[in-house]
Every structure is written in C-alpha cells, then in structure tokens.
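First comes the structure, then the notes that go with it.
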Amino acid sequence: MIATEQEWEHILHIKTTGRDDSQADGEHHPYEPTEYSVLERLANSGYIRKKSTLLDYGSGKGRVSFFLSYQIGCHAIGIEYDRRLWKKAMANLQTAVSGNRVSFVLADAATYDVPNHVTCCFFFNPFALHTLKRVLGKLIDSWQQKPRKIYLCFYYLYEDTAAYLAHHVRLHLEECISCQDLFPESDRREKIWVYTIL
C-alpha cells in the first residue's frame with residue numbers, strides 16, 4: 001500500500017508540505033514539493049544507488065534529499081537560494097531520520113561549483129531556461145574535471161526546456177519515466193526525463 005503525503009512526513013520526521021509563491025519570479029518558480037509517489041518511482045528506477053551523491057537543485061524544505069537518502073541510503077546535497085526555505089530545511093535536518101546523510105547549501109544554482117563526487121542531480125520544473133543553461137555549464141565543468149557517469153533527472157518539464165535538452169549536444173537521454181498513472185488528471189508533463197552527460 002502506498003503511503004500518503006502525511007504518512008511519509010511522519011516516517012521521515014520532516015515538514016515539507018505546502019506551496020509557497022512568495023519568492024517566485026521570472027527566474028525562480030514557486031516552492032512546491034515533489035509528490036512522494038513520484039519520488040518513490042525515481043527511487044525504484046535504479047539510477048540512484050547507495051554509493052551515489054545526489055544534488056537536489058531548488059531543494060526548498062528538503063523533501064527530495066530526505067526521502068531519497070532514507071529510501072536508498074545515498075548522500076544528498078540540497079541547493080536553495082531562498083534563505084527562508086533553506087532555514088526550514090535546516091530545521092528539518094535536526095529531526096529527519098536520514099539527516100546524517102544530508103546537507104544543505106544556501107547558494108545560487110547558476111554559480112554553484114558542483115562537487116566532483118556528485119553522481120545524480122534532480123530538477124523539479126527547473127528554473128528559467130537561461131539559468132538552466134548556466135547550471136548545465138557548471139555540471140559539464142565538473143564532469144570535465146572528473147569524467148564520470150552523472151544522471152540528470154528532470155521532472156515536470158516545460159516544452160521549451162524539454163526541447164532544449166533534447167537537442168543539447170552534450171546530453172544523452174537514458175529514459176523517460178512516465179508518472180501520469182499516479183495522478184487522476186491527464187498531464188503530459190508528468191514524466192521524469194533521465195539524461196547523462198557525454
């Protein structure tokens with residue numbers, strides 16, 4: 001039986017529910033946590049393993065990092081530019097059952113230097129396209145410093161972003177994981193696109 005949002009929050013000892021539009025602008029989308037059912041599907045995909053280090057872009061209150069580190073046993077780093085959300089993630093860090101494998105960075109994703117041990121990245125409805133281009137540049141820089149398999153997991157992409165990724169010469173599409181069956185209404189964007197860097 002699939003656990004509800006409230007049940008997962010209780011299991012993980014965190015508080016990450018609720019949408020927040022207060023810091024949303026043309027560059028940054030509102031805070032909206034990824035549904036646990038989507039994260040369960042990602043956890044079961046096999047792309048993230050116990051020895052992986054996950055980088056969660058726009059980590060908000062930390063749900064993705066806490067859930068995946070709990071489910072898989074991986075390490076996770078959350079990057080968040082909004083100080084209020086980062087503080088809420090840090091508060092969750094004090095109570096979370098998987099807190100010892102998670103850290104959070106208050107930083108602008110476009111200028112953040114990606115650590116060379118990062119092997120997976122998660123993006124939910126990522127930033128404006130020109131910001132994403134800078135983020136991908138930083139990821140490619142890290143890959144060039146230490147070539148390795150890095151999985152880039154993009155959930156709920158807008159068409160312009162999906163088209164850009166599909167034609168990027170340095171990215172290879174590994175799989176498109178459908179999540180449409182997890183929701184009552186039909187939405188073509190309910191997918192996780194998994195890319196690797198070439």
Side-chain angles (χ1 to χ4, degrees), residues 5 8-18 20 23 27-36 38-40 42-43 45-127 131-132 134-146 148-155 192 194-197:
E5 297 278 298
W8 271 121
E9 296 274 291
H10 179 72
I11 291 167
L12 298 173
H13 294 190
I14 57 174
K15 295 177 182 176
T16 62
T17 57
D20 185 344
Q23 300 295 313
E27 292 291 316
H28 308 91
H29 294 153
Y31 168 72
E32 188 176 5
T34 306
E35 298 278 344
Y36 281 110
V38 171
L39 295 178
E40 286 185 73
L42 176 59
S45 70
Y47 290 108
I48 306 170
R49 299 181 180 276
K50 190 170 185 177
K51 291 185 178 179
S52 300
T53 297
L54 171 78
L55 196 53
D56 177 23
Y57 282 98
S59 53
K61 300 175 186 177
R63 175 181 291 193
V64 172
S65 296
F66 291 125
F67 177 84
L68 292 175
S69 62
Y70 172 81
Q71 279 289 83
I72 299 170
C74 65
H75 283 83
I77 304 167
I79 305 174
E80 179 55 54
Y81 90 107
D82 182 339
R83 183 175 292 275
R84 290 180 317 113
L85 290 173
W86 173 78
K87 283 184 175 179
K88 289 180 179 178
M90 295 301 285
N92 280 325
L93 194 61
Q94 304 305 310
T95 59
V97 292
S98 61
N100 62 326
R101 293 189 297 275
V102 176
S103 61
F104 295 102
V105 180
L106 181 63
D108 182 344
T111 59
Y112 178 73
D113 291 323
V114 178
N116 287 345
H117 59 279
V118 165
T119 53
C120 308
C121 300
F122 182 78
F123 304 82
F124 171 26
N125 185 14
F127 352 78
T131 303
L132 180 60
R134 294 177 65 194
V135 170
L136 287 174
K138 288 288 190 179
L139 278 162
I140 292 168
D141 286 347
S142 177
W143 180 87
Q144 287 174 331
Q145 289 170 18
K146 185 185 177 184
R148 63 202 185 277
K149 182 80 82 171
I150 305 177
Y151 293 107
L152 310 180
C153 305
F154 295 91
Y155 171 57
I192 302 168
V194 183
Y195 281 88
T196 51
I197 298 173

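A pairwise comparison of heavy atoms in V118 and I150 identifies O-CG1, 3.9 Å as the closest pair.
Every ring-ring contact (aromatic ring centres under 6.0 Å, His included) that Y47 has, sequence neighbours left out, goes to Y151. Under the ring-ring contact (aromatic ring centres under 6.0 Å, His included) criterion, F154 pairs with F123, not counting sequence neighbours. For E9, the salt bridge (Lys or Arg N to Asp or Glu O under 4.0 Å) partners two or more places apart in sequence, or in a different chain, are R63. Partners of Q144 according to the side-chain contact (heavy atoms from CB on, under 4.5 Å) rule, which considers only residues two or more places apart in sequence or in another chain, are I140, D141, R170. Qualifying side-chain hydrogen bond (donor to acceptor under 3.5 Å, both in side chains) partners for D113, counting only residues two or more places apart in sequence or in other chains: K138. Shown here are the ring-ring contact (aromatic ring centres under 6.0 Å, His included) partners of F67, two or more places apart in sequence or in another chain: W8, Y36. In this view, T119 and S52 satisfy the side-chain contact (heavy atoms from CB on, under 4.5 Å) rule, not counting sequence neighbours. Applying the side-chain hydrogen bond (donor to acceptor under 3.5 Å, both in side chains) criterion to E35, with sequence neighbours excluded, gives no partner residue. In this structure, S45 has no side-chain hydrogen bond (donor to acceptor under 3.5 Å, both in side chains) partners at least two apart in sequence or on a different chain. For R134, there are no side-chain hydrogen bond (donor to acceptor under 3.5 Å, both in side chains) partners at least two apart in sequence or on another chain.
Between H13 atom NE2 and N92 atom CG the span is 11.5 Å, to the nearest 0.5 Å. Once rounded to the nearest 0.5 Å, the distance linking CG of D108 with OH of Y81 reads 9.5 Å. Atom CD1 of I48 is separated from atom OG1 of T53 by 11.0 Å, given to the nearest 0.5 angstrom.
Using a 4.5 Å heavy-atom cutoff, the side chains of L42 and V38 are not in contact.
Between the E80 side chain and the G60 main chain, a donor and an acceptor come within less than 3.5 Å of each other. With R84 contributing its side chain and D82 its backbone, the two residues share no donor-acceptor pair below 3.5 Å. Although no hydrogens or angles enter the test, the distance criterion places no donor-acceptor pair under 3.5 Å between the side chain of R49 and the main chain of G73. S59 places a side-chain N or O within donor-acceptor distance of the main-chain N or O of I79, the cut-off being under 3.5 Å.
Counting only residues at least two apart or in different chains, ring-ring contact (aromatic ring centres under 6.0 Å, His included) contacts with residues 100-120 comprise F66-F104. For residues 95-104, every residue pair satisfying the side-chain hydrogen bond (donor to acceptor under 3.5 Å, both in side chains) rule, not counting sequence neighbours, is listed here: S69-S98.
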